[in-house]
Amino acid sequence: ATSRSTSVSPMSMAGKPEGTVTLARFMFAVLLLMTALVQATFLSTMNLIGIVPDLALVLLLIWSSTRGVGEGMIWAVALGLWVDLLTMEPLGTHALALLIVGVIGGLMQGRLFRSGVLLPTAAVFGATLVYSMMTFVLTSVGSGGVALVGMARFSVLSALINALLVPVVYVVLLACDRWVPRHVRV
């Protein structure tokens with residue numbers, strides 16, 4: 001019997017016992033829910049420049065890029081419904097907008113962190129632009145329209161702030177990468 005080595009992304013759960021995978025998902029759920037809670041309650045009241053960094057979006061994109069489109073979409077809906085409840089937006093608004101983030105991350109599966117910091121930063125920037133525009137459109141459906149210039153400015157500023165979070169998250173993940181095997185014997 002020959003054994004071959006397959007490359008695994010730094011955060012992949014391949015080769016891990018089922019209990020480890022379940023614990024990782026539970027820990028991610030707690031992290032995601034707490035991050036969204038802090039963003040919606042504490043950070044939104046700081047109002048330094050009128051824009052709150054969306055670390056939950058960055059975490060969702062990273063998780064879905066290492067776990068795939070299906071799992072990214074499940075987490076996107078759960079996170080979106082939680083954010084809708086926290087912000088008292090119409091139910092489903094953020095869930096629909098975050099679905100795109102889950103899909104973007106999932107489509108980049110395995111490539112996001114092998115490319116250095118540039119691709120993850122660009123992915124977060126693009127995903128934030130799409131997410132911001134979707135939430136503006138979805139929340140303005142019944143309100144009579146959207147100020148396109150204001151929406152574009154807000155979306156670009158949000159995307160820039162979220163993109164600035166990527167190098168920090170990237171460095172933390174690289175530091176943690178020492179404890180996660182890169183190669184799994186199959």
Side-chain angles (χ1 to χ4, degrees), residues 28-29 31-66 69 71-109 111-113 115-173:
F28 180 71
L31 176 65
L32 202 56
L33 294 176
M34 294 307 294
T35 301
L37 181 65
V38 168
Q39 283 176 201
T41 57
F42 178 70
L43 291 180
S44 65
T45 61
M46 292 181 68
N47 201 10
L48 297 175
I49 59 173
I51 298 171
V52 177
D54 198 344
L55 186 57
L57 182 143
V58 176
L59 289 170
L60 174 65
L61 183 83
I62 291 169
W63 184 270
S64 60
S65 73
T66 58
V69 173
E71 192 161 326
M73 290 175 68
I74 291 168
W75 287 108
V77 170
L79 175 62
L81 292 174
W82 177 240
V83 171
D84 288 337
L85 292 172
L86 291 173
T87 60
M88 296 178 21
E89 296 280 341
L91 200 59
T93 302
H94 293 278
L96 285 173
L98 283 170
L99 274 172
I100 294 173
V101 175
V103 170
I104 290 171
L107 292 175
M108 303 186 83
Q109 187 173 10
R111 290 181 290 230
L112 198 61
F113 287 99
S115 62
V117 77
L118 187 58
L119 184 59
T121 303
V124 167
F125 185 86
T128 303
L129 281 177
V130 172
Y131 169 76
S132 294
M133 288 189 257
M134 282 279 298
T135 54
F136 273 121
V137 168
L138 290 171
T139 56
S140 67
V141 166
S143 65
V146 175
L148 291 177
V149 173
M151 177 187 69
R153 286 182 183 159
F154 179 85
S155 296
V156 169
L157 286 174
S158 294
L160 285 172
I161 288 173
N162 287 346
L164 291 174
L165 292 173
V166 172
V168 174
V169 173
Y170 185 76
V171 167
V172 170
L173 289 175

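Residues: numbered from 1 along the sequence shown.
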Note, Leu98 side chain near Tyr131 side chain (heavy atom, < 4.5 Å): yes
Euclidean distance, Leu160 CG relative to Leu165 CG, rounded to 0.5 Å: 11.5 Å
Heavy-atom check, side chain of Val124 versus side chain of Thr128, under 4.5 Å: yes
Ala127 to Leu61 - nearest heavy-atom pair and separation: CB-CD1, 4.2 Å
Minimal non-hydrogen separation, Val83 against Ala36, with atom names: CG2-CB, 4.1 Å
Least distance between heavy atoms, Gly92 atom then Leu81 atom: N-CD2, 4.2 Å
Heavy-atom side-chain contact between Leu99 and Leu96 under 4.5 Å: yes
Test item: Gln39 side-chain N/O and Leu55 main-chain N/O as donor-acceptor pair under 3.5 Å: yes
Closest approach of Ala40 to Leu86 (non-hydrogen atoms, all atoms of both residues): CB-CB, 3.8 Å
Exercise: identify the closest heavy-atom pair between Met134 and Ala97: CB-CB, 3.7 Å
Step-by-step side chain to side chain contact (heavy atoms under 4.5 Å, CB included) determination, Val101 to Val130: CA-CA 8 Å; Val101 175; Val130 172; over 6 Å; no
Atom of Thr135, atom of Thr93 and distance for their closest heavy-atom approach: O-CG2, 4.3 Å
From CG (Leu60) to CZ (Phe28), nearest 0.5 Å: 6.0 Å
Validation row: Leu79, Trp75 side chains within 4.5 angstrom (heavy atoms): no
